[in-house]
Amino acid sequence: NIQVVNPTTPAQLFHLLRRQMHRPFRKPLVVMSPKSLLRHPRSTSPLAALSDDGFHAVLDDERVADGTAVRRVLLCSGKIFYGLDGALEKAGAEDIAIARVEQLYPFPTLEITAALARYPAAAEVCWIQEEPANQGAWSFMRPRLSPLLRPDVRFCYIGREEAASPATGSYKIHQAEEQAILEQALAR
């Protein structure tokens, strides 16, 4: 009855809006994309992605050539991906993969299962979000992701603690908390 999405690239947003208009039925579309992605230098799409592609509910890590070498899979949604991607690139970690969940509802079970299947040796899957634990997608994702994982895979949350306010009120503290999230996500 509704769609909830968090697109991270211009091509994803384009194909999402295009899909919305070309469907023979109408569902409310809730787009939760921050304005900061409009100006983010890494949030770009090649022209081919606009003309030859379509909307993907899950964007898997393109840099991973050998999925069997991945020990940790980071699932995220939204702009936290760009922080994780930059930190991962800087650290040069090749045993960590990042998969972006671009559509939160309806839950993309098949797409997430296919993305996780690429990493048979992964011992840990983590949900990463920059919002506090009680305000982001974590409470929605946890009961839906858990059944998709093998019994031997550790499932964890990396993000801010529960809070009454979505922001600390101080930009320095906000940046320090975000840096701590990135460090915890890449910890060995």
Side-chain angles (χ1 to χ4, degrees), residues 5-13 32-46 48-49 53 55-104 108 111-133 136-138 141-142 144-146 148-150 152-161 171-188:
V5 295
N6 195 351
T8 54
T9 67
Q12 283 285 91
L13 182 59
M32 300 186 314
S33 187
K35 280 191 336 184
S36 64
L37 285 185
L38 294 172
R39 300 178 305 278
H40 199 288
R42 297 183 89 167
S43 180
T44 60
S45 297
D53 211 355
F55 178 75
H56 300 282
V58 176
L59 293 176
D60 203 355
D61 200 330
E62 298 170 348
R63 292 178 305 194
V64 176
D66 180 19
T68 59
V70 172
R71 67 168 181 79
R72 178 186 269 183
V73 179
L74 306 177
L75 294 172
C76 65
S77 184
K79 76 173 191 161
I80 191 73
F81 164 75
Y82 292 105
L84 287 169
D85 191 48
L88 191 62
E89 198 173 280
K90 187 185 284 185
E94 296 182 7
D95 59 344
I96 299 174
I98 306 171
R100 289 176 272 181
V101 180
E102 301 274 299
Q103 178 175 298
L104 299 169
E111 293 87 344
I112 290 176
T113 303
L116 293 174
R118 267 192 72 205
Y119 312 110
E124 187 174 39
V125 173
C126 300
W127 176 259
I128 316 289
Q129 70 180 30
E130 59 185 330
E131 300 88 6
W138 169 240
M141 298 299 281
R142 180 180 47 200
R144 288 161 180 81
L145 285 172
S146 294
L148 302 180
L149 304 176
R150 298 184 322 264
D152 62 324
V153 173
R154 181 177 171 264
F155 185 44
C156 67
Y157 164 79
I158 300 174
R160 291 180 169 84
E161 296 296 319
Y171 186 64
K172 279 187 169 183
I173 294 173
H174 175 79
Q175 282 189 312
E177 287 177 348
E178 190 164 313
Q179 186 61 37
I181 291 169
L182 298 179
E183 288 171 5
Q184 188 180 355
L186 301 180
R188 304 240 177 229

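Computed from heavy atoms alone, side chains included, the values below leave out hydrogens, waters and symmetry copies. We count residues from 1, following the sequence as given.
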Is a side-chain N or O of Arg150 found less than 3.5 angstrom from the main chain of Ala122, in a donor-acceptor match? yes
Are side-chain heavy atoms of Leu59 and Gln12 found at a separation under 4.5 Å? yes
Find out whether Ile128 and Leu75 are in side-chain contact, i.e. whether some heavy atom of one side chain is under 4.5 Å from a heavy atom of the other. no
Taking side chain as C-beta onward, heavy atoms only, is Val153 less than 4.5 Å from Tyr119? no
Give a yes or no on whether the backbone of Asn6 and the side-chain of Arg100 come within a donor-acceptor separation of less than 3.5 Å. no
Rounded to the nearest 0.5 angstrom, the SG-CG distance for Cys126 and Leu186 is 10.5 Å
Test side chain to side chain contact (heavy atoms under 4.5 Å, CB included) on Arg63 and Leu88 and set out the steps. CA-CA 11 Å; Arg63 292 178 305 194; Leu88 191 62; 2.9 Å; yes
Check: Asp61 main-chain N/O paired with Arg118 side-chain donor or acceptor under 3.5 Å: yes
With His56 as reference, evaluate Asp53, Val58, Asp60 under the side-chain contact (heavy atoms from CB on, under 4.5 Å) test and give the passing residue. Asp53
Donor-acceptor contact below 3.5 Å, side chain Ser45 vs main chain Thr9: no
Side-chain touch Arg160/Glu130, heavy atoms, less than 4.5 angstrom: yes
Between Arg142 and Tyr157 (side chain of the first, backbone of the second, donor and acceptor by atom type, cut-off under 3.5 Å), is there such a pair? no
Less than 4.5 Å apart, side chain to side chain, heavy atoms only: is that true for Trp138 and Pro132? no
In this structure, which one of Thr68, Val73, Asp66 forms a side-chain contact (heavy atoms from CB on, under 4.5 Å) with Val70? Val73
OG of Ser36 to CG of Leu38, rounded to nearest 0.5 Å, is 8.0 Å
Quick one: list whatever passes salt bridge (Lys or Arg N to Asp or Glu O under 4.0 Å) with Glu178, sequence neighbours left out. none
Is the shortest heavy-atom distance from the side chain of Leu13 to the side chain of Ser33 under 4.5 Å? no
For the backbone of Thr8 and the side chain of Tyr82, can you confirm whether one donor and one acceptor N or O come within less than 3.5 Å of each other? yes
